[in-house]
Amino acid sequence: MSRPRLDPRALRLARQVEGGGKRPRFALKADPPALHSRRRDPRLLRMRALVPGARRPRYDWKRDAASGAPSAVPAVDPVPANEPIRVESPAFWVLAVLDQSTGALDETDLQLLSVARRLAGDEGGVVALALADPVLATAGADRLAVWPASAVDPAAAEARAATVQALVESVKPRHVLCSDDPVAGGDIARRLAAKAGLRLVSAVNSLTADGRIGRRAGDETWLQPAPALMTIMPGSFAADEQALREARPLELPPIAFEAARLANIGLLPVDPESLPLDETDFIASAGNGVTDFAAFAEAAAALGATRAGSRVVCDAGLLPRDRQVGASGTVVTARCYLALGIAGAPQHLQGITGVRHVIAVNTDLHAEMIKRADLSIIADAQAVMPALARLARQRQEKP
Amino acid sequence: MTGLAIVVLLSLGRHPATGRPRRNPDDARALATALALAATRSGSRVLAVHAGDPRAPVLRDYLGQGLDELTVLDMPSGSDPLPSLREHLVALSPDLLLTGQRAENGEASGLLPYLLAEALGMTLVPGVVGLDLQGDQGRFTQALPRGRRRQIEARLPLAATIPAGTAGLPLPSFAAARRGRIVSLPALASPDPHLVAIERQPWRQLPRPQPRRLKGSAIDRLKSMTGGGEAKGRLLVDPDPETAAAQILDRLGEIGLIRASHQSVTSRDTDGRTER
Ligand SMILES: Cc1cc2nc3c(=O)[nH]c(=O)nc-3n(C[C@H](O)[C@H](O)[C@H](O)COP(=O)(O)OP(=O)(O)OC[C@H]3O[C@@H](n4cnc5c(N)ncnc54)[C@H](O)[C@@H]3O)c2cc1C
């Protein structure tokens, strides 16, 4: 017989719990079977937490972790350390040239950084060429090169192209990514391609699992290895959630740049009402909670916002159909959406998924739109709209 | 005022839904712009150039826009048009080169105008929806995203890329299409070496991209799709209208949509209860 004999008396002794008082106490289920080690066993946890020696049973629930004993609790996610990921000398760099056409990081910039991050993977590092912005560290940038004074103006395409060229020569990135906007990133990419003799692959809209890039050409998809210079189709990639990175400032090399031949005269004023909904930047939208449409029009005009409405409003003929926001209307990408008396039905919220800032005015504290908004005001829209118009006009007169 | 030599590059378009050949809308708009500009300056010439097959029926539609003559550099489709176009244009040495913003066939990288402008020593202005020439000084209106318009000044010689815009294109007139002449010139055709390494698959609509999350459950992903879910913002319950308006304006100022105000008194002392 090779199997050791069970000694019941020794087992009994091993299971005896200390501190039981007069009568001996035993924990009958001493060790959990290894197979089910991930299962939570409350009795076992309780026993482990029991403080020995005390007269009345006392439990110290932190003891287990402190003593380093293997815990029966399934491992919880470690608290994400607030330490940024540091990349010292990566295998290669990916350069992301950001537009920041509104002066801040917008959705297309974040999408571009996500693609750069995906191309960089774990071995590579991402250099962002941008206006300084604290958000960049949480958007996946390891290094940050800031546009020089001559290239801060987004219209200074020649200076921007020369900056990118100088940076490309000093950092030698494996890939350079620009936005596809033909008057911003796309322009810079083409100038660079023409100057440096690079091949440009434009309007990239997919990244395959094996690291190739795809783009549409007529009724075909063209797949090829990721090239040195490409422009990224907006909306084809999502802005991924990124771990914190350094965004360490990177010194720019000297830039060889002759005098600019393009002179920026400035922006022309545009009537917001003349813009289609999917193009405008700022929308004031009315729902069923708005009854005073004259005040609504006045408020929108004072704010310089494009008017829109929910389906109820458009069905009632209070606004034309092309002003309807939502699943069966227009999907908007404005920077700010001011929702007046809109409940926030799913079909309506689908139309504003791409909107960064939502401001809601509603009488109902529990409306879905209130949850979606980053500034919510529980008030009667009919009272807020005239006040808004008045105050906006006042501030315009004496800034 | 002397006349201008305006070169317009015309390509064959492709209807995005049916795949049928058509005028490239960008190029048609560039041609219309060139013809309108030439009409305002006496002695100006519009020199339209196409690189490809001179027998393509669509070329007649361009002539129908009021063009008298179209030069075609004869080459098989799929060959690189740059060398012969560059040679042809250097000989013409135009004051103004107008092209569409992007081709609808082939690689469509929009790079050709940039390469030609570089070869001809021209200043390039992209995305032009309006232009006004005074002497050799040009003032251009550029279309920016979100409906904004920017004005740019530059001197001749200039190249401009022109988007089709949303306004309808000029309809070709049948008589003008019959009258116009197509002049075919032999051109050297070199196959494009870069296009060989590309794998081609039929196009299919890609699903809407979903952001990768660092962590989170299925319900989090669902919420992230609609943007709904837990509340995250600032909440004012029953403020008086003035306070509410001041808060909204301050937020709009922060976002940068209206000029931020420095003397907002009401916004600081919010007498509405603030929760969360
Ligand atoms: C197939 C389908 C497609 C649809 N597509 C769309 C679409 O594309 N777009 C769309 O918008 N809808 C769409 N809908 C309709 C959608 O489901 C909702 O019915 C609609 O969005 C509700 O509009 P509302 O929020 O303006 O109105 P309501 O649901 O009536 O909400 C009114 C809100 O105003 C508030 N309110 C009332 N009085 C005041 C006041 N004095 N001051 C301030 N707030 C006040 C209320 O508390 C309430 O929250 C679709 C529906 C279906 C079935």
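Quick caveat, the model's predicted, so the values are computed rather than measured. Below, chains carry the letters A, B, ... as their sequence lines are ordered, and counting in each starts from 1.
Only the side chain of B:Glu118 comes within contact range of chain A, judged by heavy atoms closer than 4.5 Å. In this structure, chain B has no heavy atom under 4.5 Å from any part of A:Ala260. With a threshold of 4.5 angstrom between heavy atoms, B:Thr141 approaches chain A through side-chain atoms but not through N, CA, C or O. Interface remark: B:Arg204 contributes backbone atoms only to the contact with chain A (heavy atom separation under 4.5 Å). Only the side chain of A:Arg390 comes within contact range of chain B, with at least one heavy atom under 4.5 Å from a heavy atom of that chain. With a 4.5 angstrom heavy-atom cutoff, A:Ala239 touches chain B only via backbone atoms. Proximity to chain A (any heavy atom under 4.5 Å) is shown, for B:Ala117, by neither the backbone nor the side chain. Proximity to chain A (any heavy atom under 4.5 Å) is shown, for B:Arg148, by both the backbone and the side chain. Using a 4.5 Å cut-off between heavy atoms, B:Leu124 touches chain A through backbone and side chain atoms alike. For A:Pro154, the parts lying near chain B are the backbone and the side chain together; criterion is any non-hydrogen pair under 4.5 Å. Of the two parts of A:Asp278, only the backbone, made up of N, CA, C and O, holds a non-hydrogen atom closer than 4.5 Å to a non-hydrogen atom of chain B. Of the two parts of A:Asp181, only the side chain, counted from C-beta on, holds a non-hydrogen atom closer than 4.5 Å to a non-hydrogen atom of chain B. Only the side chain of A:Val270 has a heavy atom closer than 4.5 Å to any heavy atom of chain B. Residue A:Leu200 touches chain B through both its backbone and its side chain, counting heavy-atom pairs closer than 4.5 Å. For A:Thr333, the parts sitting under 4.5 Å from any heavy atom of chain B are the backbone and the side chain alike. For a residue to count as touching a neighbouring chain, one of its non-hydrogen atoms must lie under 4.5 Å from one of that chain's; by this rule A:Thr280 touches chain B with the backbone only. Contact annotation for B:Gln201: both backbone and side-chain heavy atoms come within less than 4.5 Å of a heavy atom of chain A. With a threshold of 4.5 angstrom between heavy atoms, A:Val361 approaches chain B through side-chain atoms but not through N, CA, C or O. Interface residue B:Leu206: only side-chain heavy atoms are found under 4.5 Å from chain A. A:Leu375 touches chain B through backbone and side chain together, each having a heavy atom under 4.5 Å away.
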| request: Carefully, step by step, assess A:Asp380 and A:Thr363 under the rule side chain to side chain donor-acceptor pair (under 3.5 Å). | output: CA-CA 6 Å; A:Asp380 186 352; A:Thr363 44; over 6 Å; no
| request: Output, in order, the C-alpha distance, side-chain angles, deciding distance and verdict of side chain to side chain contact (heavy atoms under 4.5 Å, CB included) for B:Leu97 and B:Met122. | output: CA-CA 9 Å; B:Leu97 171 66; B:Met122 291 173 150; 3.8 Å; yes
| task | Mind running side chain to side chain donor-acceptor pair (under 3.5 Å) on B:Arg139 and B:Gln151 for me, showing each step along the way? | result | CA-CA 7 Å; B:Arg139 181 175 277 217; B:Gln151 289 207 307; 3.2 Å; yes
| task | Could you give me the CA-CA distance, side-chain angles and deciding distance for B:Glu199 and A:Gln224, then say whether side chain to side chain contact (heavy atoms under 4.5 Å, CB included) is met? | result | CA-CA 6 Å; B:Glu199 184 193 328; A:Gln224 65 191 95; over 6 Å; no
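Comparing B:Gly110, B:Pro16, B:Gly127, B:Gly138 by how many heavy-atom pairs each has under 4.5 Å with chain A, the most go to B:Gly110. Contacts with chain A were tallied for B:Ile255, B:Leu116, B:Leu158, B:Thr161; B:Ile255 has the most, counting heavy-atom pairs under 4.5 Å. Put simply, of A:Gly214, A:Gly266, A:Gly344, the one with the most heavy-atom pairs under 4.5 Å next to chain B is A:Gly266. Of the listed residues (A:Ser236, A:Ser114, A:Gly304, A:Ser206), the one with the most heavy-atom contacts under 4.5 Å to chain B is A:Ser236. The candidate with the highest count of non-hydrogen atom pairs below 4.5 Å against chain B, out of A:Pro225, A:Pro276, A:Ala238, A:Ser101, is A:Ala238. Comparing B:Pro202, B:Ser109, B:Ala154 by heavy-atom pairs within less than 4.5 Å of chain A, the highest count is held by B:Ser109. When the candidates A:Val355, A:Ile377, A:Val384 are compared by the number of heavy-atom contacts under 4.5 Å with chain B, A:Ile377 comes out ahead. If you tally non-hydrogen atom pairs under 4.5 Å between each of A:Cys336, A:Ala379, A:Ser274, A:Ala203 and chain B, the highest count goes to A:Cys336. The candidate with the highest count of non-hydrogen atom pairs below 4.5 Å against chain A, out of B:Leu144, B:Asn105, B:Leu111, B:Val125, is B:Leu111. Ranked by heavy-atom pairs under 4.5 Å with chain B, the list A:Val201, A:Leu338, A:Leu275, A:Asn264 is led by A:Asn264.
Taking CZ of A:Arg216 as the reference point, atom CE of A:Met233 lies at 8.5 Å (rounded to 0.5 Å).
The backbone N or O of A:Gly235 lies less than 3.5 Å from a partner atom in the side chain of A:Gln111, making a donor-acceptor pair. In this structure, A:Arg117 contributes its side chain and A:Gln242 its backbone to no donor-acceptor pair below 3.5 Å. In terms of modelled atom types and a separation under 3.5 Å, the side chain of B:Asn24 and the main chain of B:Leu12 share no donor-acceptor contact. Side-chain N or O atoms of A:Asn362 include none that pairs as donor or acceptor with a backbone N or O of A:Ala339 at under 3.5 Å. At distances below 3.5 Å, at least one donor-acceptor pair connects side-chain atoms of A:Arg215 with backbone N or O atoms of B:Glu107. When atom types are taken as modelled, the side chain of B:Thr99 and the backbone of B:Leu9 share no donor-acceptor pair closer than 3.5 angstrom. Judged by distance alone, with hydrogens and angles left aside, the side-chain atoms of A:Gln396 form a donor-acceptor pair with the main-chain N or O of A:Ala302 at under 3.5 Å.
Screening B:Arg22, B:Arg14, B:Arg20 for a salt bridge (Lys or Arg N to Asp or Glu O under 4.0 Å) with B:Glu104, the sole residue that qualifies is B:Arg22.
Nearest approach of A:Trp222 to A:Ala217, heavy atoms of both residues: CE2-CB, 3.5 Å.
One side chain, A:Asp180 or A:Thr231, offers a donor N or O that lies under 3.5 Å from an acceptor on the other.
Salt bridge present: A:Asp240 and A:Arg118 bring a charged side-chain N and a carboxylate O closer than 4.0 Å. We find that A:Asp219 and B:Arg200 are not joined by a salt bridge, their nearest charged nitrogen and carboxylate oxygen being 4.0 Å or further apart.
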